[in-house]
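Here's the structure we're looking at; comments come further down.
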Amino acid sequence: MALDELKSAVPDYAKDLKLNLGSVIGNSDLPQQQLWGTVLACAIASRSPKVLSELEPEAKANLSPEAYTAAKSAAAIMAMNNVFYRTRHLLSDPEYGTMRAGLRMNVIGNPGVDKVDFELWSLAVSAINGCGMCLDSHEQVLRKAGVERDTIQEAVKIAAVLQAVGATLDAEATLAG
C-alpha cells in the first residue's frame, strides 16, 4: 500500500506527521470519493513529487475517471485562483476588488462530479495555498449545501498533513543530496 510506503519514508523526528498521515487518510470518515479526491488534489497542491507519486495510484484506484480528473482540475484551477484572489485581498487598494477578473474558471461551474465534492477539494487546496478569500468562499458554499463543519475540518486536516509531509520529505531529499 502506497500510504504505508509514504509513512515509512517520514523520518523519526516527524513521528507526529506519520501518525497523522495514517489517521487522516486511514481512519477518515469521509466518503471514498471525497477522501481520495481531497488526497489527490492536496498531493498535487503540496508540490511534493514523493507525496504525489506515492498517493496518486491509490487515489486513481479509488476514484472514478470523472472524479480523478475533477480532483486534478480542482488543484489546477485553485493554483491560479488562490494567487489571484489572495493578491486581490492583500493589496491595500480596494479598487482591485471591483475589477473584473477576466480569468476562465468554467470548471468550477461544471466540474464533472458532485459540486459539493469539488468545493471540498477546492477548499482543501486553498488551505495549502493560503488564500483566505477562497477559503471563505468555498466554506460558505459548502455550509449552504449542508456540509458539516466536521467534514470541512477533516479536509483541511488532510491538506495540512500532506503539506507537512511533503515539506519534510522534500527537505530530507535535499539534505541527502
Side-chain angles (χ1 to χ4, degrees), residues 2 24-25 28-49 51-163 166-167:
V24 300
I25 296 175
S28 177
D29 290 330
L30 292 177
Q32 286 294 101
Q33 180 164 298
Q34 286 184 356
L35 170 64
W36 287 104
T38 302
V39 168
L40 179 58
C42 289
I44 293 168
S46 78
R47 297 177 183 86
S48 171
V51 169
L52 182 57
S53 66
E54 291 295 336
L55 295 177
E56 183 275 340
E58 198 160 348
K60 192 171 193 173
N62 282 285
L63 292 169
S64 68
E66 296 80 13
Y68 177 80
T69 298
K72 292 193 313 181
S73 296
I77 198 68
M78 297 319 295
M80 177 186 73
N81 284 359
N82 292 156
V83 170
F84 182 80
Y85 288 105
R86 182 178 62 237
T87 300
R88 195 181 248 196
H89 174 75
L90 292 172
L91 289 170
S92 60
D93 184 347
E95 190 69 26
Y96 290 102
T98 66
M99 296 171 71
R100 183 178 171 280
L103 297 171
R104 296 206 181 265
M105 303 174 218
N106 295 328
V107 72
I108 293 173
N110 186 18
V113 294
D114 187 295
K115 182 99 165 112
V116 166
D117 293 351
F118 192 82
E119 289 288 333
L120 189 67
W121 303 337
S122 297
L123 176 128
V125 170
S126 297
I128 289 174
N129 292 333
C131 181
M133 285 184 70
C134 293
L135 282 166
D136 281 343
S137 175
H138 295 292
E139 189 268 348
Q140 288 171 14
V141 170
L142 288 165
R143 294 292 292 142
K144 284 180 187 166
V147 176
E148 298 294 328
R149 286 181 180 89
D150 288 344
T151 298
I152 294 167
Q153 180 167 297
E154 193 159 343
V156 172
K157 289 185 336 188
I158 292 167
V161 171
L162 291 184
Q163 176 65 17

- [ ] Verify side chain to side chain contact (heavy atoms under 4.5 Å, CB included) between Q34 and V116, making sure each step is shown before the conclusion.
- [x] CA-CA 9 Å; Q34 286 184 356; V116 166; 4.0 Å; yes
Open item on the list: Quick one, I158 with L30, criterion side chain to side chain contact (heavy atoms under 4.5 Å, CB included). Give me CA distance, side-chain angles, the key distance, then yes/no.
Closed with: CA-CA 11 Å; I158 292 167; L30 292 177; 3.9 Å; yes
- [ ] Go through the steps for V24 and L162 under the test side chain to side chain contact (heavy atoms under 4.5 Å, CB included), then give the verdict.
- [x] CA-CA 9 Å; V24 300; L162 291 184; over 6 Å; no
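Sorted by first and then second residue, the salt bridge (Lys or Arg N to Asp or Glu O under 4.0 Å) pairs with a member in residues 94-106 form an empty list; sequence neighbours excluded. Evaluation of the side-chain hydrogen bond (donor to acceptor under 3.5 Å, both in side chains) test over residues 140-151, restricted to residues two or more places apart or in two chains, returns none. Sequence neighbours left out, the pairs with a member in residues 70-91 that pass side-chain hydrogen bond (donor to acceptor under 3.5 Å, both in side chains) are N82-S126, N82-N129.
Closest of all the heavy-atom pairs between E58 and A2 is OE1-N, 3.8 Å. Nearest approach of S122 to A74, heavy atoms of both residues: OG-CB, 4.0 Å. The shortest heavy-atom contact between V83 and A79 is CG2-O, 3.5 Å. In terms of heavy-atom proximity, A41 sits nearest to W121 at CB-CB, 4.2 Å.
No option in V39, V51, L40, I44 other than L40 meets the side chain to side chain contact (heavy atoms under 4.5 Å, CB included) test with E56.
K115 pairs by the salt bridge (Lys or Arg N to Asp or Glu O under 4.0 Å) definition with E119, not counting sequence neighbours. The side chain to side chain contact (heavy atoms under 4.5 Å, CB included) test applied to S53 returns no partner, not counting sequence neighbours. Residues satisfying the side chain to side chain contact (heavy atoms under 4.5 Å, CB included) criterion with A124, sequence neighbours excluded, are T38, C42, A155, A159.
Here the CE atom belonging to M133 is positioned 9.0 Å from the CZ atom belonging to F84, to the nearest 0.5 angstrom. The CD atom of E66 sits 10.5 Å away from the CG atom of L63 when rounded to the nearest 0.5 Å.
One N or O on the side chain of S46 and one on the backbone of A43 form a donor-acceptor pair closer than 3.5 Å.
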